Amino acid sequence: MTDRLSSGSDRLDTVLGGGLPRNGIVLIGGNPGSGKTILAQQYVFHNATADRPAMYLTTVSEPLEKVLRYGQSLDFFDPAALGTSVLYEDLGRTLNDEGLAGVLAYITDLQGVPARAGRAAVRVADHLLLGW
């Protein structure tokens, strides 16, 4: 049986066979406003710990300020987790200034910093959920 990454919602985890596959890449698709960002953040906050933080990478489609502003209204959003177990990185400026090559270099640099993405339990790039 495949290890699963829980969402923190028993009902959703039941529908998903116990959650999303751990150690996999999940593409969350849907129309604007359908809840993709909320779902990704729910996974982030539920699975993040100080030892295995979650990393959320935002770009121009979902700027960091917007993600945080709307996230604060959700029950699972924990401001105390920010900067310790939930780490946000804004790739919007890098994408605009340096293109995809710059974003790839930025993410590669993050991977080498153990206090950041190197030990992350969950990684989200806008709506791409990477569960480790």
Side-chain angles (χ1 to χ4, degrees):
M1 180 171 173
T2 304
D3 283 340
R4 310 301 276 189
L5 191 66
S6 173
S7 67
S9 166
D10 292 338
R11 292 171 59 190
L12 178 58
D13 288 345
T14 297
V15 170
L16 296 173
L20 295 175
R22 187 178 299 275
N23 298 321
I25 297 173
V26 177
L27 179 63
I28 301 172
N31 292 327
S34 62
K36 301 176 296 289
T37 300
I38 292 171
L39 177 62
Q41 286 197 77
Q42 184 167 340
Y43 270 93
V44 162
F45 278 91
H46 181 70
N47 290 282
T49 66
D51 291 333
R52 300 275 297 162
M55 164 105 11
Y56 196 109
L57 306 173
T58 64
T59 62
V60 291
S61 66
E62 293 288 343
L64 180 58
E65 295 79 20
K66 178 181 173 188
V67 169
L68 292 175
R69 184 174 58 248
Y70 289 110
Q72 291 175 19
S73 67
L74 304 169
D75 289 341
F76 58 78
F77 190 92
D78 179 9
L82 299 178
T84 55
S85 58
V86 175
L87 311 171
Y88 284 93
E89 293 287 337
D90 189 353
L91 301 177
R93 174 164 290 167
T94 303
L95 182 60
N96 283 332
D97 295 348
E98 303 173 35
L100 291 176
V103 169
L104 179 58
Y106 190 95
I107 292 171
T108 301
D109 288 345
L110 283 175
Q111 294 293 79
V113 181
R116 303 300 282 174
R119 60 189 172 97
V122 177
R123 297 172 185 137
V124 175
D126 263 347
H127 305 108
L128 187 65
L129 186 74
L130 313 170
W132 274 266

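These numbers come from a predicted model, not from an experiment.
Taking Q42 as the reference, nothing meets the side chain to side chain donor-acceptor pair (under 3.5 Å) condition, with sequence neighbours excluded. By the side chain to side chain contact (heavy atoms under 4.5 Å, CB included) test, Y70 is found to be paired with K66, residues two or more places apart in sequence or in another chain being considered. The side chain to side chain contact (heavy atoms under 4.5 Å, CB included) search around S85 returns A48, A81, not counting sequence neighbours.
Two residues are said to be in side-chain contact when any heavy atoms from C-beta on lie closer than 4.5 Å; F76 and Q41 meet this criterion. Counting heavy atoms from C-beta on, the side chains of I28 and V124 never come closer than 4.5 Å. The closest side-chain heavy-atom distance from Y43 to L5 is below 4.5 Å. The shortest distance between side-chain heavy atoms of V44 and F77 does not fall below 4.5 Å.
Residues L57 and L104 are members of separate hydrophobic clusters, defined by side-chain heavy-atom contacts under 4.5 angstrom among Ile, Leu, Val, Met, Phe, Trp and Tyr.
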What pairs of donor and acceptor atoms, side-chain ones from residues 7-17 against any protein atom, are under 3.5 angstrom apart with sequence neighbours left out?
residue	atom	partner	partner atom	Å
S7	OG	S9	N	3.1
S7	OG	S9	O	3.4
S7	OG	D13	OD1	2.8
S9	OG	L12	N	3.3
D13	OD1	S7	N	2.9
D13	OD2	S6	OG	2.6
D13	OD2	S7	N	3.3
T14	OG1	D10	O	2.9

Kindly list each side-chain donor-acceptor pair under 3.5 angstrom involving residues 93-102, sequence neighbours excluded, with atom names and distances?
residue	atom	partner	partner atom	Å
N96	ND2	G92	O	3.4

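To the nearest 0.5 Å, atoms CZ (F45) and CG (L82) are separated by 5.0 Å.
Here the closest non-hydrogen pair linking A80 and T84 is O-OG1, 3.5 Å. Contact record, E89 with M55: CG-SD, 3.5 Å, taken as the closest heavy-atom pair.
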